Amino acid sequence: MPVRHDPASRGPTPMIRSRLSALLSDGLSAAQAAGAVAATPPVTFTLERRDDDLAHYSSSEALRLARIVGAPPRAIAESIVAHLPPSPAVSRVETAGPGFINFWIDDAWVLQQLSAITAAGTSFGGSSAGGGSRVQVEYVSANPTGPLTAGAGRGGVVGDALARLLDACGYEVSREYYVNDAGHQVEILGQSVYHYYAATLGAGSSFPADGYRGDYVAEWAEQIVRDDGSRWLGTGGPSDARGFEARAVEIGLAAIRRDLDDLGIEFDEWFSEQAMRDRGDVDEVIHVLDEQGFVAQRDGAVWFIGGAGEDDRENVLVRSRGDPTYFAVDIAYHRDKFAKRGFERVIDVWGADHHGHVARMHAAMQALDESADAARLEILVTQMVGIRTDGALGRQGKRSGKFVTLREVLDEVGPAATRYFFLSKAIDSQMEFDLELAKREDAENPVYYIQMAHARCAGIQRTAETARTAAGAATLTPDDVALARRLLAFPEVVVDACHNREPHRVTHYLLDLARVFHSYYNKHRVVTDDADRTARRLELVRAVQQVLANGLGLLGIAAPERM
RNA sequence: GCCCCCGUAGCUCAGUGGACCAGAGCGACGGCCUUCUAAGCCGUGGGUCGCAGGUUCGAAUCCUGCCGGGGGUGCCA
């Protein structure tokens with residue numbers, strides 16, 4: 001499923017990689033037509049961006065071709081190179097080592113591309129790779145039974161960045177939050193809050209066995225007392241609590257929205273579980289499954305029995321007491337996404353604690369046949385976020401009330417650093433968030449380093465507005481070209497990050513670009529009395545600023561003009 | 001027991017089949033402000049890529065086993 005190379009992408013400035021890949025294909029065809037290389041099935045040449053002493057771009061395809069063709073890789077590489085059509089972008093091609101084909105990008109060509117970057121503006125880096133295909137990204141979807149945890153923040157930031165990436169790559173993206181405003185947990189929340197509500201008003205009620213114990217429960221109760229007075233008294237019984245539950249959920253959801261707003265995370269759709277249940281979708285999907293023979297009755301409960309070959313075991317759909325499980329509801333929900341709303345692809349971003357749910361959801365989707373192509377439902381599992389406070393790793397658990405909230409993290413380190421931190425690691429690696437360290441190192445945080453690079457670009461242009469220059473004819477240095485060449489790699493990074501579902505690639509690219517730029521800044525002066533060189537370097541700086549801004553935009557991090 | 005993720009520099013993490021791919025940030029140490037923001041730059045030190053096999057022309061990267069850490073494993077969500 002991961003796509004490492006995207007020959008089809010088109011943008012204002014075609015990716016260098018795509019150009020070279022096409023060039024190599026032509027070279028191979030020509031070599032084969034000339035009889036220099038044996039016939040092969042169509043070959044897609046992948047290219048690695050190295051940008052080091054060995055090459056700017058390199059392909060090792062000849063090494064793999066050697067097996068198919070039955071010739072020495074070095075000879076194949078040389079034949080391809082000998083038949084390569086000329087390209088203005090390429091200054092030099094050579095074979096090296098066991099059979100690598102190495103490309104050097106032409107300096108003048110690179111500098112010419114700068115105007116295309118600034119002309120493309122905010123769209124530079126984007127592409128039409130997605131072809132407008134409809135993708136839904138569902139993330140956060142935390143129960144409104146308490147404040148968002150730091151872990152939920154990770155999922156939120158990752159889902160949001162993924163949505164931004166997909167959008168930039170030409171997909172039609174819908175961002176969704178699935179609101180679990182029904183079911184057992186909501187009942188318990190209602191009872192928990194009611195306990196404090198009644199107590200505040202001098203009435204008594206028992207605290208539920210598995211009740212929520214966080215401080216916020218009493219706070220929510222107080223808010224309801226303030227807003228609604230005693231009108232809910234006497235309704236808190238388990239069978240008559242719908243309205244009260246809904247009030248509690250409302251308060252929980254409002255708090256969640258505030259956190260997400262502050263993090264810059266938005267949704268197109270807040271999908272209500274309760275509304276879906278009210279439409280009868282859960283009964284409907286169980287009926288559909290039953291018709292296809294995936295349902296069995298046992299021990300008074302209704303079970304889903306996965307198809308042969310599924311390694312997932314059997315799971316309950318309807319409890320013996322008559323209410324549907326989360327599993328059943330989630331199947332109905334996903335059926336809604338595919339069959340009713342017609343998304344071509346759905347990406348769910350889940351927390352690590354849901355990983356056990358992945359296999360059975362795929363099994364259920366398989367059974368429903370709504371996504372016979374298993375790739376239509378992608379489930380990304382973000383790993384745990386350990387919060388380190390005072391050197392100790394705290395245990396997380398919403399019901400116990402012992403967890404670090406996203407709000408606490410936001411208040412400590414701010415939205416930019418929070419987003420940066422979550423987006424600097426691969427999602428499948430567990431990470432440690434040391435609050436003390438994040439606080440203490442505030443000024444050292446890499447996110448400010450990147451933002452500083454952007455602010456510097458802006459500052460240089462402010463200086464240039466009032467600068468006096470005379471005519472000159474200075475040429476640019478290899479450092480100018482190297483910086484420009486790095487900018488041209490941005491679209492490649494974006495499409496890779498998108499297709500591999502790895503937003504952290506953008507983060508690392510930006511850090512690298514900022515490093516190169518800061519170094520350049522210290523070494524070379526942009527605004528001088530040499531009018532020609534100043535103009536050319538200003539164009540470079542504008543392009544750097546554009547790429548930094550676009551990259552930060554993909555991460556949802558502000559790009560300040562001044563710091 | 002079974003399932004998932006991880007094990008790379010003192011710390012937090014990139015790199016997941018290619019040849020200078022052994023890296024970054026932070027921390028440590030030493031330099032650099034009369035010039036576009038020193039929230040910066042330059043330099044030094046630091047790792048048998050958990051261990052053992054295997055596949056391959058080539059493995060930090062793929063496979064197997066083991067060891068270690070975290071999480072999941074409910075008619076909770």
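Everything numeric here is computed off the predicted structure, so don't read it as measured data.
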Point to revise | Atom P, compared across rA9(B) and rG46(B): separation rounded to whole Å | key: 14 Å
Study note, to complete from the structure: Ranking rC36(B), rC75(B), rG18(B) by distance to the side chain of Tyr521(A), first place goes to rC36(B)
Exercise for review: Round to a whole Å and report the spacing from CZ of Arg501(A) to P of rU16(B).
Suggested key: 17 Å
Review point. Nearest to the side chain of Asn102(A) - rG25(B), rC75(B), rA19(B)?
Key: rA19(B)
Review point. Is it true that Arg486(A) and Asp512(A) have a side-chain N and a carboxylate O under 4.0 angstrom from each other?
Key: yes
Check your understanding: Do His195(A) and Phe207(A) have their ring centres less than 6.0 Å from each other?
Key -> yes
Review point. In terms of base orientation, is rC29(B) syn or anti, with the syn window spanning 90° either side of 0?
Key: anti
Review point. What is the nucleic acid contact for Thr507(A), judged by heavy atoms within less than 4.0 Å: base, sugar-phosphate only, or nothing?
Key: nothing
Exercise for review: Answer with yes or no after comparing the ring centroid distance for Phe304(A) and Phe327(A) against a 6.0 Å cut-off, counting only values under it.
Suggested key: yes
Exercise for review: For Arg533(A) and rU35(B), give me the distance from atom CZ to atom C1', rounded to whole Å.
Suggested key: 13 Å
Review point. Contact class for Asp52(A) vs. all strands (heavy atom < 4.0 Å): base, sugar-phosphate, or nothing?
Key: sugar-phosphate
Review point. Hey, would you say the His357(A) and Tyr326(A) ring centroids sit under 6.0 Å apart?
Key: yes
Review point. With sugar-phosphate meaning primed atoms plus P, OP1 and OP2, does Ser60(A) contact a base, only sugar-phosphate, or nothing at under 4.0 Å between heavy atoms?
Key: base
Review point. Hey, does the side-chain of Ser58(A) have a donor or acceptor N/O within less than 3.5 Å of a partner on the base of rA19(B)?
Key: yes
Check your understanding: Is a donor-acceptor pair below 3.5 Å formed from side chain Ser429(A) to base rC6(B), judging by atom type as modelled?
Key -> no
Check your understanding: What distance, rounded to whole Å, do you find between the two P atoms, one in rG74(B) and one in rC2(B)?
Key -> 16 Å
Check your understanding: Glu61(A) near the nucleic acid: base, sugar-phosphate alone, or nothing, with a heavy-atom cut-off under 4.0 Å?
Key -> nothing
Review point. Picking from rU12(B), rC41(B), rG71(B), which would you name as closest to the side chain of Lys425(A)?
Key: rU12(B)
Study note, to complete from the structure: Contacts of Arg525(A) meeting side chain to side chain donor-acceptor pair (under 3.5 Å) (sequence neighbours excluded), chain-then-number -> none
**Study point:** Among rA38(B), rC76(B), rG15(B), the nucleotide that comes nearest once only the side chain of His184(A) is considered
**Key:** rC76(B)
Point to revise | Atom P, compared across rA59(B) and rC63(B): separation rounded to whole Å | key: 15 Å
Point to revise | Nearest-angstrom distance from the residue atom CZ of Arg515(A) to C1' of rA14(B) | key: 11 Å
Review point. P atom, rA38(B) versus rA24(B): distance in rounded Å?
Key: 23 Å
Study note, to complete from the structure: When rounded to the nearest 0.5 Å, the distance separating OG1 of Thr507(A) from CG of Leu552(A) is 9.0 Å
Practice item. Determine the contact category for Arg74(A): base if any of its heavy atoms lies under 4.0 Å from a base atom, sugar-phosphate if only primed atoms, P, OP1 or OP2 are that close, otherwise nothing. Key: nothing
Review point. Do any pairs count as a salt bridge (Lys or Arg N to Asp or Glu O under 4.0 Å) and have a residue in residues 448-462 of chain A, sequence neighbours left out, and if so which ones?
Key: none
**Study point:** Whole-Å distance separating the CD atom of Gln430(A) from the C1' atom of rC11(B)
**Key:** 17 Å
Point to revise | Distance-only polar pair, side chains of Glu61(A) and Thr46(A), donor-acceptor under 3.5 Å | key: yes
Exercise for review: Report which part of the nucleic acid Asp529(A) touches: base, sugar-phosphate, or nothing (heavy-atom distance under 4.0 Å, all strands).
Suggested key: nothing
Review point. Any donor-acceptor pair under 3.5 Å between the side chain of His354(A) and the base of rA77(B)?
Key: yes
**Study point:** RNA chain B: 5'-proximal contact among Asn522(A) and Glu48(A) (nearest heavy atom)
**Key:** Glu48(A)
**Study point:** Nearest-nucleotide 5' precedence on RNA chain B, Arg298(A) against Asp428(A)
**Key:** Asp428(A)
Check your understanding: P atom, rG47(B) versus rG23(B): distance in rounded Å?
Key -> 13 Å
Exercise for review: Ignoring the backbone of Leu511(A), work out which of rC13(B), rG71(B), rA24(B) is nearest its side chain.
Suggested key: rA24(B)
Review point. Which part of the nucleic acid does Ala426(A) contact within heavy-atom distance under 4.0 Å: base, sugar-phosphate only, or nothing?
Key: sugar-phosphate
Review point. Between rA39(B) atom C1' and Met452(A) atom CE, what is the distance in whole Å?
Key: 6 Å
Review point. When Watson-Crick pairs (N1 to N3 and N6-O4 or O6-N4) and G-U wobble pairs (N1-O2 and O6-N3) count only below 3.5 Å on both distances, what is the dot-bracket string of RNA chain B, with | for other-strand pairs?
Key: ((((((((.[[[[.)..(....]]]].(((((.......))))).....[[[[[..)....]]]]])))))))....
Study note, to complete from the structure: Only residue of Tyr139(A), Tyr333(A), Trp270(A) satisfying side chain to side chain donor-acceptor pair (under 3.5 Å) with Glu176(A) is Tyr333(A)
Practice item. Report the distance from atom CZ of Arg525(A) to atom P of rC33(B), rounded to the nearest whole Å. Key: 16 Å
Point to revise | Shortest side-chain distance from Val527(A), nucleotide among rC36(B), rC57(B), rC20(B) | key: rC36(B)
Review point. Hey, is Phe100(A) stacking on rA19(B)? Ring centres under 5.5 Å, planes under 30°.
Key: yes
